[in-house]
Amino acid sequence: DSEKAMTLVTNGLAICQELGIVGLGRQLEALRDRVKSLSAPAPGHPDGLTSREVEVLQLIALGRTNQQIAEELVIAPTTAAKHVANILGKTSTANRAEAATYANRQGLLDG
């Protein structure tokens, strides 16, 4: 939970400043920056799809199998299958053909 992490880091920073603990304060500032970057909204992909899932979805629309997706993206076939399962769940599609249609309707195949 990035909100809770941010609260804890902010509280820690306040304590460090109050007690004059410079080294730990710097570490907490770096951690605060990292938490901010992790909690930044993802690019405008529909239905919470990640950039990688969009990439996999584009390959699905091209008719690639999980094995072909894995080879093209240099990932394990099980990872490709997991991405496909996540895509089907997030897009509420029943199969690869529906997912390809979804990608086309969402404009994810342009370019």
Side-chain angles (χ1 to χ4, degrees):
D1 182 3
S2 61
E3 190 174 318
K4 186 174 183 178
M6 187 59 78
T7 300
L8 292 171
V9 169
T10 302
N11 291 343
L13 276 168
I15 292 168
C16 285
Q17 289 172 349
E18 186 177 316
L19 298 176
I21 305 172
V22 177
L24 181 57
R26 286 189 188 129
Q27 290 176 346
L28 287 171
E29 287 171 352
L31 183 57
R32 177 193 59 202
D33 294 343
R34 186 162 184 233
V35 170
K36 281 182 183 178
S37 71
L38 292 175
S39 61
H45 298 307
D47 293 314
L49 291 172
T50 66
S51 296
R52 186 59 136 187
E53 288 167 343
V54 169
E55 195 174 4
V56 170
L57 182 54
Q58 291 167 338
L59 293 172
I60 290 170
L62 292 173
R64 303 291 198 278
T65 65
N66 288 354
Q67 182 64 42
Q68 291 168 327
I69 291 168
E71 289 170 6
E72 191 158 336
L73 299 180
V74 192
I75 58 176
T78 54
T79 302
K82 183 66 176 167
H83 284 310
V84 172
N86 289 342
I87 290 164
L88 296 178
K90 288 181 179 183
T91 61
S92 300
T93 54
N95 53 49
R96 296 167 92 90
E98 283 185 18
T101 300
Y102 169 92
N104 187 44
R105 287 187 179 147
Q106 293 295 324
L108 299 174
L109 304 181
D110 300 335

- Item | Pairs where residues 73-88 contributes a residue and the test salt bridge (charged side-chain N to carboxylate O under 4.0 Å, His left out) is met, not counting sequence neighbours |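 Non-adjacent pairs meeting salt bridge (charged side-chain N to carboxylate O under 4.0 Å, His left out): zero.
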- Task: Using the salt bridge (charged side-chain N to carboxylate O under 4.0 Å, His left out) rule, collect all pairs that involve residues 90-101, keeping only residues at least two apart or in two chains.
- Result: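 Only Glu53-Lys90 qualify under salt bridge (charged side-chain N to carboxylate O under 4.0 Å, His left out).
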- Under 3.5 Å, is there a donor-acceptor pair linking the side chains of Glu71 and Gln67? yes
- Task: Classify the side-chain pair Ser51/His45 by whether it contains a donor and acceptor separated by less than 3.5 Å.
- Result: yes
Nearest non-hydrogen partners of [X] and [Y], listed with the distance:
| X | Y | value |
| --- | --- | --- |
| Ala100 | Ala61 | CB-CA, 3.7 Å |
| Asp47 | Thr91 | OD2-CA, 4.5 Å |
| Cys16 | Gly25 | SG-N, 3.9 Å |
| Arg64 | Gln68 | CA-OE1, 3.3 Å |

- Message: Distance check, rounded to the nearest 0.5 Å: Thr78 atom OG1 versus Asn66 atom CG?
- Response: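 Reported to 0.5 Å precision, the distance equals 10.0 Å.
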- Message: Using the side-chain contact (heavy atoms from CB on, under 4.5 Å) criterion, which residues pair with Leu88? Sequence neighbours excluded.
- Response: Val84, Thr93, Ala99
- Not counting sequence neighbours, which residues clear side-chain contact (heavy atoms from CB on, under 4.5 Å) with Ala103? List them please.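 Only Leu57, Leu108, Leu109 meet the side-chain contact (heavy atoms from CB on, under 4.5 Å) criterion with Ala103.
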- Query: Are Val56 and Leu59 close enough that some pair of their side-chain heavy atoms sits under 4.5 Å apart?
  - Reply: no
- Message: Test of understanding: with side-chain hydrogen bond (donor to acceptor under 3.5 Å, both in side chains), list the residues that count as partners of Thr101, not counting sequence neighbours.
- Response: none
- Pairing residues for Gln106 by the side-chain hydrogen bond (donor to acceptor under 3.5 Å, both in side chains) criterion, not counting sequence neighbours: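 Testing Gln106 for side-chain hydrogen bond (donor to acceptor under 3.5 Å, both in side chains), a comparison that skips the adjacent residues, returns none.
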